[in-house]
Amino acid sequence: MSAPRLIGLGIALVAGVVAFVMALGKREEAPVEVIQKIEEKTIRVLVATADLQRGDRLTVDSFRWVDWPEKSISPRYLTEGSITAEDLESAVVRTLIVEGEPVIEEKIVRAGSGSMLAALLEPGKRAVTTRITAESASGGFILPGDHVDVFYTQPEERTGEIVFELLLENVKVLAINSFYNASDETSFIEGSTATLELSLSEAETFSVAQNSRGQLSLALRSIFAPEGGTNLKEQRSLRVVRYGRI
């Protein structure tokens with residue numbers, strides 16, 4: 001091949017390489033998507049720090065403030081600025097509040113409210129109060145929230161023998177004296193009255209017995225169910241005590 005041809009070929013090759021490099025330099029870079037975090041507006045809401053059971057008395061440690069998305073705020077939630085945790089101290093829980101659940105007025109009864117005890121009653125139930133002594137109330141160890149059996153004794157008019165009867169069973173104690181909710185540290189209340197939660201028919205039976213010549217006594221039930229279970233209703237026959245013997 002002649003020298004002029006070689007020179008022309010070399011020039012063409014160099015020109016091609018330069019054109020290729022220039023083409024690469026002009027290639028547009030792919031656009032980079034920039035994701036910007038959007039700050040969501042929040043409002044501080046009062047929530048429970050632990051599961052709160054019906055009848056629990058509240059303290060300032062029962063609640064805490066948390067940031068809650070404004071778009072999911074319910075008008076019923078208690079928000080910062082509208083209330084303080086101290087405002088709810090000594091209030092009573094009306095229905096179960098689970099840990100982390102926002103607190104609403106419908107689930108609590110504030111201290112000093114006239115409907116405090118009424119809020120603790122199950123629907124359809126009545127609160128009935130009777131006088132008690134240490135002898136008739138398990139020595140004072142019956143506390144609000146416990147369950148009891150109610151026994152009735154009365155002398156037989158003609159013979160003077162004592163009639164003993166299981167009047168009501170598994171009755172919830174709402175209050176002893178003015179204590180409607182016992183703390184975990186309370187183990188003894190020397191009471192003169194006990195307020196029981198009864199159905200309408202039970203309240204009628206209880207009132208009749210209470211206003212008769214007999215005497216009512218409360219027997220504390222265990223919190224544990226017996227093995228195999230028992231049915232006290234099947235054993236509700238009268239028992240007559242004669243001269244100190246059954």
Side-chain angles (χ1 to χ4, degrees), residues 53-57 92-96 109 115-183 186-242 244-246:
Q53 305 296 327
R54 178 175 175 268
D56 284 350
R57 189 193 297 267
V92 173
V93 178
R94 189 193 300 264
T95 59
L96 173 66
V109 183
S115 61
M116 181 75 74
L117 186 59
L120 300 180
L121 285 169
E122 294 284 356
K125 296 288 188 175
R126 307 292 191 274
V128 179
T129 300
T130 185
R131 292 188 177 277
I132 58 173
T133 63
E135 293 78 10
S136 66
S138 298
F141 288 97
I142 295 176
L143 299 176
D146 286 338
H147 286 72
V148 299
D149 293 327
V150 181
F151 290 91
Y152 175 72
T153 57
Q154 69 170 344
E156 210 280 332
E157 292 184 0
R158 291 178 299 175
T159 64
E161 296 171 339
I162 303 300
V163 178
F164 178 76
E165 180 183 5
L166 172 62
L167 190 69
L168 300 169
E169 62 176 303
N170 200 20
V171 173
K172 182 178 180 180
V173 179
L174 293 175
I176 299 293
N177 292 349
S178 60
F179 294 94
Y180 55 85
N181 187 46
S183 67
T186 304
S187 60
F188 179 88
I189 297 179
E190 187 175 356
S192 59
T193 61
T195 301
L196 309 178
E197 183 181 64
L198 305 175
S199 67
L200 180 58
S201 60
E202 289 173 336
E204 293 173 350
T205 300
F206 188 88
S207 297
V208 171
Q210 188 178 33
N211 290 282
S212 67
R213 295 192 306 133
Q215 180 180 352
L216 295 171
S217 58
L218 309 180
L220 180 63
R221 293 175 65 103
S222 170
I223 62 173
F224 302 104
E227 294 184 5
T230 60
N231 188 352
L232 293 177
K233 290 183 178 179
E234 295 179 356
Q235 306 169 17
R236 192 170 288 190
S237 57
L238 299 182
R239 303 176 67 191
V240 180
V241 179
R242 296 183 176 86
R245 286 191 268 176
I246 297 176

Please name the pair of heavy atoms, one in [X] and one in [Y], separated by the smallest distance, quoted to 0.1 Å.
X: Gln53; Y: Val93; answer: O-CB, 3.3 Å
X: Asp149; Y: Asn170; answer: OD1-N, 2.8 Å
X: Val148; Y: Leu220; answer: CG1-CA, 4.1 Å
X: Glu122; Y: Glu197; answer: N-OE2, 2.9 Å
X: Pro144; Y: Ala175; answer: CG-CA, 4.1 Å
X: Phe151; Y: Ala219; answer: CE1-CB, 3.5 Å

Take Asp56 and Val92 through the side chain to side chain contact (heavy atoms under 4.5 Å, CB included) test and state the conclusion after the steps. CA-CA 6 Å; Asp56 284 350; Val92 173; over 6 Å; no

Nearest 0.5 angstrom please: Arg131 CZ to Gln215 CD, how far?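 Arg131 atom CZ to Gln215 atom CD measures 13.5 Å (nearest 0.5 Å).
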
Test log, rule side chain to side chain contact (heavy atoms under 4.5 Å, CB included), inputs Leu216 and Phe206: CA-CA 9 Å; Leu216 295 171; Phe206 188 88; 3.6 Å; yes

Under the 3.5 angstrom rule, does the side chain of Asp146 hit a backbone N or O of Arg221 as a donor-acceptor pair?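 A pair under 3.5 Å: no.
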
For Gln210 and Thr129, indicate whether the former's side chain and the latter's backbone hold a donor-acceptor pair under 3.5 Å.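 Side chain of Gln210 to backbone of Thr129, a donor-acceptor pair under 3.5 Å: yes, one is there.
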
Using side-chain heavy atoms (C-beta onward) and a distance below 4.5 Å, is [X] in contact with [Y]?
X: Ile176; Y: Leu143; answer: no
X: Leu198; Y: Lys125; answer: no
X: Leu196; Y: Leu168; answer: no
X: Leu200; Y: Arg126; answer: yes

